Amino acid sequence: MIRVRFAPSPTGFLHVGGARTALFNFFCARHNDGKFILRIEDTDVERSTKESEEQLMNALMWLGITWDEGPDVGGPFGPYRQSERQDKYQKAVQKLLENGNAYEVFAHPEEIEEIKSRLLSEGKPPHYEKEMFSEFDNKERREEFQSKGISPVVFFKMPRRDYSIVDIVKGEVTFKKGALGDFVIMRSSGLPIYNFAVVVDDIDMEITQVIRGDDHLSNTLKQLVIYEALGVNPPTFAHISMILGPDGKKLSKRHGATSVEEFKEKGYIPEAFTNYLSLLGWSHPDGKEIMDINEIIKMFTIERLHSSPAIFDEDKARWMNGVYIRELSLERITELSKPFIVKSGLLKEQEIESNEKWLIKAVDSVRKNAETLEDIAQKLTIYFDEPDYEKVTIEEDNEKRVSGALAVMRSNLDHVDSWNQSSIISAVKEAIKTKEPSKKDFYHNLRKVLTGKEEGPELIDIIYLLGRNEVIRRIDKVVNPV
RNA sequence: GCUCCCAUCGUCUAGCGGUCUAGGACACUGGCCUUUCAAGCCGGCGGCAGGGGUUCAAAUCCCCUUGGGAGCGCCA
């Protein structure tokens, strides 16, 4: 049984890179009928917050991810929060201490810091060795620590030999001896360090495959030696490359949106965003790009993950979002648009309810050229705000055929029996036939008179949705009645 | 500085020694359709980082160079 996990630290929003890692783990689990575990890595008490944990889970759910085991749903290998697994780390440290793979150091943080800077200033790599701490290994120190109630920091004794793994995406990776010195696994606060906690948990939770960002590739060495010291075979690793900004640098705040929460707020649709993210470093064997989550799961294999970093291309993400806006059911798109409509102040929540039918049609009229839900709200403003008529002038020939046709249309519309698309079409066509303006000019100017814009929904839809009174009112602002 | 990773159109990618005068998608661009703009459809532009090998044959394998990225914390 395949068991994979996503193990974020609750220190902020869910970064798109993390989201993609979560997604790939999730796809892998579902494709193989395995289990997907959510584990919260909150050993950094300074930065971890309960709020971000919740936020993280919400973002994950928004993406369409579900987990089989986790802090909220529980499971047979809990608890799923590292802060609650203290006893397990303690036990593992004890074991390492006993079998000589780790040692305690009775030094204060500043003293260790000092050793590090001395090494650096001597031009040596900052690699610790047990002998460097010998001056602190005495009775007085032990007593001092005991009386003050502080624990010694625990270092792992790095074996001096080569290690290698066969990474599913990177291939064989060899870490030469001397790449690393001894490293801390337990802080003096008694809390474990990331690389140690991860291994203990992954063993405990019977994780079979680790899929994570390749910023962890170097960490793998630390984890490998811990597996070895604990006498456990490591899982298989798959290190996917990072997501970069448009300038090829690690995606960060200065590139704009970096968290899934931000993309949600910008009006991305979860299905589309998930779809786009899944295509960063993975591809369907036939090159298919628009896929729902089930289809991705069906086709997903970690062997198809590819190894070079990917630049996040918001143009393409927007395009894909637009595809979903056009293709998802109108009801769902309307539903998703509502918060954006309220936010932009077009309608209040109660007004949305009483205008539901009209709203659905209005959303339908603008969705064709919207790329985000924000676009939809923005494009909907033509139905609420009238154009700035100071700036609207009719461009036409000397014979004024356009304004003539507009006037005729206005009067036709005024007399239409029932207000529907086909009667509106007849009224418009009739007007064109009567005054014979160039169609292009006519429609262009009609749009400007009604909306003040150069582009937008189908004109017939605009007329229909604006309603007779409003259409006539707007025309009258510019054109004299017949 | 040391260690590791990466390298196909501007971007995401297909490609796993011959089927590649390198395929698809976004962007850009030309046209068609249409009651305007858009959407849609059809076409165009554009790439194997450079240099050495290996081989009858290399985008594909190896080495070097260059360029990018990551890690080296009592952060994760």
Side-chain angles (χ1 to χ4, degrees), chain A residues 7-11 18 41-44 46-48 82 105 107-109 112-113 116 120 123-127 151-155 167 169-171 173-176 178-181 183-195 197-198 213-222 239 241-242 244 246 248-250 276 279-290 303-304 306-320 322-323 326 366-370 379 425 428-429 432 438-448 451 453-460:
Chain A
S9 53
T11 54
E41 312 226 319
D42 54 354
T43 55
D44 184 353
E46 315 270 289
R47 296 195 298 149
S48 301
Q82 290 190 326
V105 172
H108 298 290
I112 296 177
E113 192 62 38
K116 185 174 143 193
L120 250 19
K124 290 181 190 155
H127 293 172
S151 313
V153 57
V154 180
F155 275 79
D167 187 279
V169 347
K170 304 289 186 190
V173 179
T174 303
F175 305 97
K176 292 211 190 61
L180 236 43
F183 57 92
V184 174
I185 54 176
M186 271 289 189
R187 309 142 141 123
S188 45
S189 66
L191 288 170
I193 284 296
Y194 167 77
N195 282 299
V198 166
D214 71 1
D215 47 338
H216 288 288
L217 190 53
S218 319
N219 283 323
T220 308
L221 173 56
K222 289 185 180 175
H239 286 96
S241 47
M242 320 240 60
L244 274 23
K249 304 256 186 267
K250 193 173 172 174
Y276 176 71
L279 256 19
L280 253 30
W282 177 80
S283 61
H284 185 286
D286 300 332
K288 198 173 173 192
E289 295 205 314
I290 304 294
E303 285 73 26
R304 279 195 74 80
H306 108 152
S307 53
S308 52
I311 289 171
F312 189 94
D313 180 10
E314 195 161 355
D315 269 349
K316 186 157 181 176
R318 286 181 67 96
W319 164 79
M320 191 168 277
V323 172
R326 268 171 263 128
V366 298
R367 86 208 278 212
K368 274 196 180 64
N369 42 20
K379 287 176 191 301
I425 291 175
V428 171
K429 287 199 164 161
I432 293 174
S438 122
K439 281 181 183 173
K440 205 172 163 125
D441 286 350
F442 175 76
Y443 284 110
H444 180 71
N445 283 290
L446 173 57
R447 180 181 296 285
K448 275 180 36 183
T451 71
K453 302 218 182 322
E454 302 285 335
E455 39 93 88
E458 305 269 343
L459 280 159
I460 301 302

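Values in this document were obtained by computation on a predicted structure and should not be read as measured data.
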If I pick the C1' atom on B:C12 and the same atom on B:C28, what distance separates them, to the nearest angstrom? 16 Å
Does B:U36 have a Watson-Crick or wobble partner in any strand here, with both distances under 3.5 angstrom, and which is it? none
Quick one: label A:K288 by what it contacts on the DNA or RNA (base, sugar-phosphate, nothing), any heavy atom closer than 4.0 Å. nothing
Per-nucleotide protein contact along nucleotides 33-50 of chain B, 5' to 3', at a 4.0 Å heavy-atom cut-off (B base, S sugar-phosphate only, - neither), is --BBBBSS----------
Can you tell me how far C1' in B:C5 sits from the matching atom in B:G24, rounded to whole Å? 28 Å
Is there a Watson-Crick or G-U wobble partner for B:A25 with both distances under 3.5 Å, and which nucleotide is it? B:U11
Please determine, for B:C41, whether a Watson-Crick or G-U wobble partner exists with both distances under 3.5 Å, and give it or none. B:G31
Does B:A70 have a Watson-Crick or wobble mate here (both distances under 3.5 Å), and if so which one? B:U3
Indicate, with a heavy-atom threshold strictly under 4.0 Å, whether A:A107 touches base, sugar-phosphate, or nothing. base
Hey, are the side chains of A:E113 and A:H108 touching, using non-hydrogen atoms and a 4.5 Å cut-off? no
Under the side-chain contact (heavy atoms from CB on, under 4.5 Å) rule, collect the residues that match up with A:I193, sequence neighbours excluded. A:V184, A:R187
Looking across every strand, which nucleic acid part, if any, lies under 4.0 Å from A:D441 by heavy atom: base, sugar-phosphate, or nothing? nothing
Atom CG of A:L180 and atom P of B:C2: how far apart are they, to the nearest Å? 16 Å
Could you check whether any side-chain N or O of A:S9 sits under 3.5 Å from a backbone N or O of A:T11, counting only pairs where one atom can act as donor and the other as acceptor? no
With sequence neighbours left out, the residues meeting salt bridge (charged side-chain N to carboxylate O under 4.0 Å, His left out) with A:E41 are A:R39
If pairing requires Watson-Crick or G-U wobble contacts with both distances under 3.5 Å, which nucleotide is the partner of B:U54? none
Please state whether the base of B:C74 and the side chain of A:S188 form at least one donor-acceptor pair under 3.5 Å? yes
Partner of A:H239 under side-chain hydrogen bond (donor to acceptor under 3.5 Å, both in side chains), chosen from A:T220, A:D215, A:N219: A:T220
Whole-angstrom distance between B:A70 and B:G51, as gauged at atom P: 29 Å
Protein within reach of the bases, or only the backbone? For nucleotides 3-23 of chain B, mark each nucleotide 5' to 3' as B, S or -, using heavy atoms under 4.0 Å. -SSSS---BBSSS--------
Heavy-atom count around A:K448 NZ within 6.0 Å, excluding the residue itself: above 12? yes
Please tell me if the side chains of A:K222 and A:Y194 come closer than 4.5 Å, counting only heavy atoms from C-beta onward. no
Using the C1' atom in both, what is the distance from B:A39 to B:G23, to the nearest Å? 26 Å
A:L244 CG to B:G67 C1', straight-line distance once rounded to whole Å: 13 Å
Listed by chain and number, what are the side-chain contact (heavy atoms from CB on, under 4.5 Å) partners of A:D313, not counting sequence neighbours? A:Y276, A:D315, A:K316
Span that lies between the P atom of B:A58 and that of B:U19, in whole angstrom: 11 Å
Can you tell me how far C1' in B:G47 sits from the matching atom in B:C20, rounded to whole Å? 13 Å
If you count the non-hydrogen atoms of other residues, nucleotides and ligands that lie under 6.0 Å from CD in A:E46, is the total more than 12? no
Assess whether side-chain contact (heavy atoms from CB on, under 4.5 Å) is satisfied between A:K170 and A:S241, documenting all intermediate values. CA-CA 9 Å; A:K170 304 289 186 190; A:S241 47; 4.2 Å; yes
Identify whether any heavy atom of A:T43 sits under 4.0 Å from a base atom; if not, whether one sits that close to sugar-phosphate; answer base, sugar-phosphate or nothing. sugar-phosphate
When you compare B:G30 with B:A14, how far apart are their C1' atoms, in angstrom units rounded to a whole number? 27 Å
By side-chain hydrogen bond (donor to acceptor under 3.5 Å, both in side chains), A:R326 pairs with (sequence neighbours left out) none
Nucleotide nearest A:H216 when distance is taken to its side chain, options B:C72, B:A70, B:A76: B:A76
Looking across every strand, which nucleic acid part, if any, lies under 4.0 Å from A:I112 by heavy atom: base, sugar-phosphate, or nothing? base
In whole angstrom, give me the gap between the P atoms of B:G52 and B:A59. 14 Å
